[in-house]
Amino acid sequence: MDTLNALLSGFAVALSLQNLFLGFVGVTLGTAVGVLPGVGPALTVALLLPATAGFDPTGALIMFAGIYYGAMFGGSTTSILLNTPGESATIVTAMEGNMMAKRGRAGAALATSAIGSFVAGTIGTVLLTFVSPFAVDVALKFGPAEYFSVMVLAFVTVSAVLGASPARGLAALFLGLTIGLIGLDSQTGQARFTLGIPELLDGLDIVVVAVGLFAVGETLYVATYLNRGSDVIEQMKGSIWMSKEDWKRSWKPWLRGTAFGFPFGCIPAGGAEIPTFLSYATEKKLSKHADEFGKGAIEGVAGPEAANNASASGTLMPLLTLGLPTTATAAIILAAFQQYGLQPGPLLFDTQPELIWGLIASMYIGNVILLALNLPLVGVWVKLLAIPRPLLYAGILIFATMGAYGIRNSWFDLALLYGIGLLGFVMRRYDIPVAPVLVGLILGPLSEQQFRRALAISQGDLSIFVTQPISATVLAITALVVIVPQAWRLVRRMQANAIGHHSPI
Amino acid sequence: MSTRARIDAGELLISLVLLALGSFVAFETQGIAETQGYSQVGPRLFPYLIGTGLVLCGAWLAWQALSGGWRAMPEEAETHAAPDRVGFLLISAGVVLHMVLIGWAGFVLASTLLFVLVARGFGSMKPVRDLGIAAVLSTLVYFLFTRGLGLSLPAGLFGG
């Protein structure tokens, strides 16, 4: 009952005129940046950070969350009509949904992804509402050792387990950790790695790093390598409403996609790509129309789209209850909390209940607004796809430089922006992932702080990390997620060899 | 795992840069004064660990580069075959000029030039249209963020 009361008072906060407006702005912006290729929610929130420093934190965070899950809705539109994933989590939709659009079923594809996103987003928010209090109870038992172990788990999963190459993922993580070292040491106040430059005493602002990597690096890469020909936009053909048959084939994939997406969002496993792939594979296996997969099967759009939205709600659980970001966007939203002097975690549920529950309540409202924005009004968003590429990227860079300069009106930040942009260009060119850089940058200093606190408590005894049961469990899980996939690969290879040797046919 | 006969110079170079950066981090750490306080661990431990991590990653990637190339790279040889260097340089010039100009010429002028250069870098052949859109967008953004959101951006030549 406590939870319901808290949620009700959260609705009172979220329904205030100001917060309702900011939530609306957030989901609208989110849909727009989700639709536009080249702009994502992480970049958008980063750009708005300097401009919202004076905002009321609750309203600003409602807006940022709206941008995050709104982008998940919008991303599907681009995937279906353009066959270019608007967001990395919509790669599967780009395959299957675009095939539907080519067969004149764009309307049904857009409808099943919008309604599926709504269903998954709402169920995800319900789960967030009722599971968070339990997560808070667990988190309250966390001391510095436990926090440190959980951060190690996040480091390892984000960099080494996900993505194509553990070597490149870890390199990106250590790069982010190195950037995080720059500035004053939080415990002793000593300057580290500032190279005598006073501008570096405050450290590198996450806004400059995120905007440099996502906006400048991406723009340079697209201009240098991908700026050939123009994209083919599929026409909006077919009814925007789904037929009875479409509904029948969609509702189960929505629910199964949600079941994949939410837990994957919760654990530090880096975002929505994995659950969308799992959902796609599952639907393909279970479908009576397996032959349609690859040619535009509605199940292959409905399931993955539900999965990526549910995972967005799931991501907020570790972020709110532990202060642990598991995606690039979550890392920037954590920076937003810090901008207001707030540290997300179990204590925030006690000290700032209006903020937390207002934020959660706003997600129920935001999902309804998004359904309205993305179904009847989808035609408006499609027009955004017609913006010529030169104008789109030129516009992105205006906002990028404004965001970087706006932090403290210093040309030095623009020089950093370009330098980090070059880094982002090289990383993109050589397939080095960006998310570990941001997670390392924001969690690095926090993990060092917790590590030193833990050792202060244990009086220098390192065994504190393995003698505390929760910390030991988390570290054991960390070891498992590293070892199991490797061992699995080894077993498969040995089996393949064995089959090769024993059966010549 | 594709095996290539030739060694990719870029892959090797990045690996070596990571190695060098890691060594630099470890070297610079020696200059940090060690004051432990009662936390037992001073401000040197993490930089040492991170520097070591960078060195190991650099060595790992260098080994991969020398033994058949980085693993699991996407098939993008075609994409990377003909880079548009002019586009790259035009956009770079736009960002660098923006940095130089914003202080005295102001946000609107610096951004207008940036917009036109980036659009040209993407192959736009309509400089007049670009200039018009650039001026309108920069002015709109300026007023939205300074008047509307309270950000401070230099007015420059227009501000007097």
Side-chain angles (χ1 to χ4, degrees), chain A residues 50-52 54 164-165 167-168 170-171 173-175 177-178 181 185 187-188 190 192-193 216 219-220 222-227 388-391 393-395 397-399 401-402 405-406 409 411 414-415 417-418 421-422 425-426 429-432 444 447-448 451-453 455-456 458-460, chain B residues 10-11 14 18 21 25 28 32-33 35 37-43 46-47 50 53-54 57-58 60-61 64 70-74 79-80 83-84 87-88 91-92 94-96 98-99 102-103 107 111 114-115 118-119 121-124 130 133-134 137-138 141 145 149-154:
Chain A
T52 50
S165 151
R168 294 200 291 282
L170 281 171
L173 173 72
F174 280 108
L175 211 57
L177 290 171
T178 306
L181 282 177
D185 172 35
Q187 308 251 307
T188 62
Q190 286 196 68
R192 294 191 298 187
F193 301 97
V216 182
T219 303
L220 285 170
V222 173
T224 311
Y225 293 115
L226 300 178
N227 189 30
R389 206 183 285 141
L391 303 183
Y393 282 93
L397 279 202
I398 286 198
F399 283 100
T401 48
M402 182 206 66
Y405 192 78
N409 278 15
W411 65 268
L414 288 175
L417 180 76
Y418 183 64
L422 288 180
F425 171 79
V426 171
R429 166 70 180 77
Y430 286 95
D431 197 47
I432 302 169
S447 68
E448 183 178 14
F451 183 84
R452 282 153 84 170
R453 275 188 199 151
L455 284 195
S458 74
Q459 296 180 320
Chain B
E11 291 180 359
I14 295 171
L18 285 170
L21 182 65
V25 168
E28 275 285 298
I32 302 169
T35 42
Y38 63 99
S39 72
Q40 313 287 337
V41 181
F46 265 61
I50 293 166
L54 274 176
C57 286
W60 189 0
L61 287 170
Q64 289 192 354
W70 285 4
R71 306 298 187 258
M73 288 295 272
T79 313
H80 296 147
D84 181 355
F88 183 95
I91 294 167
S92 299
V95 179
V96 173
H98 186 274
M99 174 181 79
I102 190 164
F107 174 82
S111 296
L114 171 69
F115 188 100
V118 174
F122 271 85
S124 164
D130 296 346
I133 295 175
L137 183 68
S138 307
V141 167
F145 279 82
L149 291 169
L151 205 67
S152 120
L153 295 167

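Chain A is the first sequence line, chain B the second, and so forth, proteins listed ahead of strands; every chain is numbered from 1.
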In short, A:Gly395 meets B:Phe115 closest at the heavy-atom pair N-CE1, 3.6 Å

With a 4.5 Å heavy-atom cut-off, do A:Val222 and B:Phe122 have their side chains touching? yes

Spacing of A:Ile398 atom CD1 and B:Leu137 atom CG [to the nearest 0.5 Å]: 4.5 Å

From B:Met99 CE over to A:Tyr418 OH, what is the distance, rounded to the nearest 0.5 angstrom? 10.0 Å

In short, B:Pro47 meets A:Glu448 closest at the heavy-atom pair CD-OE2, 4.5 Å

Hey, does A:Met402 have a side-chain heavy atom less than 4.5 Å from the side chain of B:Ser111? no

Region of A:Leu181 that comes under 4.5 Å of a non-hydrogen atom in chain B: side chain

Proximal component of A:Thr219, with respect to chain B [non-hydrogen, under 4.5 Å]: both

Residue from A:Leu175, A:Leu170, A:Leu173 passing side-chain contact (heavy atoms from CB on, under 4.5 Å) with B:Cys57: A:Leu170

From CD1 (B:Ile91) to CZ (A:Phe425), nearest 0.5 Å: 9.5 Å

Are B:Val118 and A:Pro390 packed together at the side-chain level, in the sense that at least one heavy-atom pair is separated by less than 4.5 angstrom? no

With a 4.5 angstrom heavy-atom cut-off, which part of A:Thr52 approaches chain B: side chain, backbone, both or neither? neither

Engaged part of B:Leu149 at the chain A interface, taking heavy atoms whose separation is under 4.5 Å: both

Shortest non-hydrogen contact from A:Arg168 to B:Arg71? NH1-O, 2.8 Å

Is chain A contacted by the side chain of B:Leu114, its backbone, both, or neither, given a heavy-atom distance below 4.5 Å? side chain

Provide the closest heavy-atom pair for B:Gly121 versus A:Asn227 in the form atom of the first, atom of the second, distance. O-ND2, 4.4 Å

So A:Tyr430 and B:Trp70, would you call those rings parallel, tilted or perpendicular, with 30° and 60° as cut-offs? perpendicular

Considering residues at least two apart in sequence or located in another chain, which fulfil the ring-ring contact (aromatic ring centres under 6.0 Å, His included) criterion with B:Phe145? none

Side-chain contact test, heavy atoms from C-beta onward, threshold under 4.5 Å: evaluate it for B:Ser124 versus A:Leu391 and give yes or no. no

Quick one: OG on A:Ser165 to CE on B:Met73, what's the gap to the nearest 0.5 Å? 8.5 Å

Minimum side-chain heavy-atom gap B:Val25-A:Phe174 below 4.5 Å: no

For B:Leu54 and A:Ala171, which heavy atoms make the closest approach, and how far apart are they? CD2-O, 4.4 Å

Of all the heavy-atom pairs spanning B:Ser92 and A:Leu220, show the shortest one and how long it is. OG-CD2, 3.9 Å

